[in-house]
Amino acid sequence: MTQAYEPVIGLEVHAQLLTKSKMFCACGTEFGLPANQQTCPVCLGMPGTLPVVNRKAVEMAVRTGLALNCAIRSKNRFARKNYFYPDLPKGYQISQYEAPICEHGWLEVQVGPGETRKRIRIRRAHLEEDAGKNVHDAGAARSLVDLNRAGTPLLEIVTEPDMHSPDEVVAYLKALRDILMYLGVCDGNMEQGSLRCEPNLSLRPLGQQAYGTKVELKNINSFKFVKDALEYEIKRQTKVLSEGGTIQQETRLWDTEKGVTATMRSKEEAHDYRYFPDPDLVPLSLADEWIEDLRATLPELPAARLKRFVTDYGLPEYDAGILTSSRPLADYFEVCVKLFNQPKTVSNWVMGELLRELNNAGVTAEASSVSPEGLASLLRLVEQGTISLKVAREIFPEVYASGKPPEQIVRDKGLTQVSDEGALEKLVDEVMAKNPAQVAQYRSGKEAVFGFFVGQVMKASGGKANPGKVNELLKRKLTG
């Protein structure tokens with residue numbers, strides 16, 4: 001009988017903080033500049049330089065810790081983590097070790113609609129500086145180093161090994177990313193490396209309490225790649241164990257092109273880094289009043305907002321989940337509902353027409369060329385019978401592309417819906433007069449022919465007839 005194994009997964013996430021300057025110097029943090037343009041003696045690790053802590057990064061760390069239900073350690077300090085890479089100019093990284101700024105938190109996630117929410121424990125969240133970036137040119141026999149990123153503030157968020165499937169990991173990552181973006185502490189851009197994750201995975205026989213040998217997967221930068229890498233690694237480890245082999249503790253890289261993991265290096269233990277308190281930085285002492293002041297700045301977070309959207313607006317949980325996944329999108333929806341108080345209608349348009357245009361343009365809701373006022377105006381034109389729902393959907397891409405008010409586009413294109421009963425009655429009479437056979441069929445009980453009459457009246461009106469009034473008139477005249 002084949003042995004069944006349970007995956008045990010923990011996660012380390014590195015979130016790049018949205019500060020204007022680096023963690024310990026005044027250099028900027030802008031992405032995409034020419035190599036080594038954002039450097040100074042401090043972040044280059046020159047002898048005799050001294051680091052100075054970025055207060056804004058500390059604020060962002062505390063706000064994130066509070067949002068993740070962490071205890072904030074009022075007395076915390078920085079340590080030196082010693083290792084030698086080409087992109088680490090000092091030969092050590094300033095991080096936190098025995099006294100992290102945030103610890104013992106949790107985040108609840110939901111893997112699928114209707115499923116029970118699961119609490120993932122957060123062991124710690126600590127501040128540190130980022131390393132630089134090695135640049136490998138496939139056409140050259142050398143590698144270069146770009147130190148623009150060296151010294152950028154990071155918050156490393158470490159979970160307990162509480163996840164047991166790739167889907168749970170992705171759900172946690174998405175929930176965490178949403179919170180970081182709601183707080184405005186990280187832009188969540190995984191492609192640019194603003195959010196990087198390193199899963200730790202081991203397998204153990206079902207029912208066994210002891211953990212198996214842990215393998216770390218390094219610096220994965222998309223939800224899809226995380227899921228693919230974990231699924232591959234679970235299969236690889238299962239095969240090794242089933243054939244009587246042993247798992248080596250190591251760090252592996254995910255090869256996106258080949259769809260496999262490959263050995264990077266043997267896994268270091270904490271003692272390999274020779275941590276010790278950084279002698280250039282005094283311990284941080286955070287006043288309780290200051291921490292509580294920061295707590296007061298927290299926005300309504302995604303889970304609470306989702307629940308409120310379901311309760312206050314009567315939305316399905318699916319709709320509420322999409323709308324609250326982005327703070328700008330949730331804000332857009334709420335402004336629109338204040339202007340046009342039909343939450344489900346607004347939700348349908350935001351999730352459908354608006355999100356399609358935003359995705360096509362590669363922007364988020366705050367950059368939408370259709371304001372909430374513009375969308376509400378379009379929906380009122382439909383509600384008032386000025387235009388049909390079909391016309392509204394047809395002109396929305398033009399409203400988005402041009403930024404013009406919907407009323408102007410409707411007026412310029414002559415799309416105003418015909419609702420005048422006298423004009424519509426004349427059209428209905430003409431259609432009935434031209435189609436006596438179909439009139440006779442309907443009156444003999446073949447009600448399916450009713451759609452034919454609706455289509456003919458709409459055609460005769462150039463698509464401008466009010467469908468509701470057309471239906472009403474046809475029923476009255478055909479049965480008369």
Side-chain angles (χ1 to χ4, degrees), residues 10-17 22-25 27 39-54 57-58 61 65 73 75-104 122-134 143 145-147 149-161 193 196-202 211 213-219 247-253 263-285:
L11 206 61
E12 297 176 6
V13 172
H14 293 86
Q16 192 174 102
L17 299 179
K22 293 185 179 180
M23 187 69 223
F24 299 110
C25 67
C27 289
T39 57
C40 72
V42 175
C43 56
L44 290 177
M46 296 296 183
T49 58
L50 291 173
V52 177
V53 175
N54 186 328
V58 176
R73 188 189 282 263
K75 306 289 186 183
N76 61 91
R77 69 176 305 154
F78 290 96
R80 290 187 181 181
K81 180 180 181 181
N82 296 274
Y83 60 100
F84 295 93
Y85 285 167
D87 57 5
L88 194 68
K90 292 192 292 286
Y92 61 87
Q93 177 189 37
I94 302 178
S95 182
Q96 291 186 316
Y97 181 51
E98 79 285 351
I101 193 167
C102 311
E103 55 190 353
H104 311 312
I122 294 171
R123 180 182 301 167
R124 57 189 285 141
H126 61 263
L127 282 165
E128 62 185 24
E129 59 179 342
D130 206 348
K133 182 179 180 181
N134 293 320
S143 293
V145 180
D146 178 4
L147 294 173
R149 195 175 67 184
T152 298
L154 294 180
L155 186 66
E156 181 174 346
I157 303 164
V158 183
T159 75
E160 299 291 352
R196 311 192 292 273
C197 65
E198 297 173 357
N200 296 295
L201 168 71
S202 65
Y211 297 134
T213 302
K214 182 172 64 176
V215 170
E216 180 182 49
L217 302 177
K218 194 75 172 172
N219 285 345
I247 303 298
Q248 302 300 312
Q249 182 166 328
E250 60 182 350
T251 298
R252 298 176 72 89
L253 290 175
T263 298
M264 177 184 177
R265 62 174 181 264
S266 60
K267 175 61 180 170
E268 297 95 340
E269 300 289 353
H271 60 76
D272 293 322
Y273 292 119
R274 304 186 317 282
Y275 283 99
F276 63 86
D278 194 302
D280 292 335
L281 291 164
V282 299
L284 293 181
S285 181

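Bear in mind the structure is a predicted one, so any value in this text is a computation, not a measurement. Position 1 is the first residue of the sequence; numbering continues from there.
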Side chains of [X] and [Y], heavy atoms from C-beta outward: is any pair under 4.5 Å?
{"X": "R123", "Y": "E160", "value": "yes"}
{"X": "M23", "Y": "I94", "value": "no"}
{"X": "V52", "Y": "C25", "value": "no"}
{"X": "Q96", "Y": "I101", "value": "yes"}
{"X": "N200", "Y": "V215", "value": "no"}
{"X": "Y275", "Y": "N82", "value": "no"}
{"X": "L284", "Y": "F78", "value": "yes"}
{"X": "N76", "Y": "P283", "value": "no"}

Say you draw a straight line from [atom1] of [X] to [atom2] of [Y]; how long is it, rounded to the nearest 0.5 Å?
{"X": "H126", "Y": "R73", "atom1": "NE2", "atom2": "CZ", "answer": "12.5 Å"}
{"X": "L155", "Y": "C102", "atom1": "CG", "atom2": "SG", "answer": "6.0 Å"}
{"X": "F24", "Y": "L127", "atom1": "CZ", "atom2": "CG", "answer": "7.5 Å"}
{"X": "D280", "Y": "T49", "atom1": "CG", "atom2": "OG1", "answer": "8.0 Å"}
{"X": "L11", "Y": "L201", "atom1": "CG", "atom2": "CG", "answer": "11.0 Å"}

Over all heavy atoms of both residues, which pair between [X] and [Y] is shortest? Give the atoms and the distance, please.
{"X": "P279", "Y": "F276", "result": "CD-CE1, 4.0 Å"}
{"X": "I157", "Y": "A125", "result": "CG1-CB, 4.1 Å"}
{"X": "P89", "Y": "L44", "result": "CB-O, 3.2 Å"}
{"X": "C197", "Y": "V13", "result": "CB-CG2, 4.1 Å"}

Taking atom types as modelled, is there a side-chain donor on [X] or [Y] under 3.5 Å from an acceptor on the other?
{"X": "S202", "Y": "K214", "value": "no"}
{"X": "Q16", "Y": "H14", "value": "no"}
{"X": "T251", "Y": "E216", "value": "yes"}

Side-chain donor/acceptor of D87 to backbone N/O of V145, under 3.5 Å: no
Distance under 6.0 Å and angle within 45° of ring axis: K81 vs Y273: yes
Distance under 6.0 Å and angle within 45° of ring axis: R80 vs Y92: yes
side-chain contact (heavy atoms from CB on, under 4.5 Å) assessment of L281 paired with V53: CA-CA 8 Å; L281 291 164; V53 175; 3.7 Å; yes
K90, K22, Q93, R149 screened by side-chain hydrogen bond (donor to acceptor under 3.5 Å, both in side chains) with E129, the one that passes: K90
Electrostatic pair R196:D130 at N-O distance under 4.0 angstrom: yes
K218, NZ atom: more than 12 neighbouring heavy atoms under 6.0 Å: yes
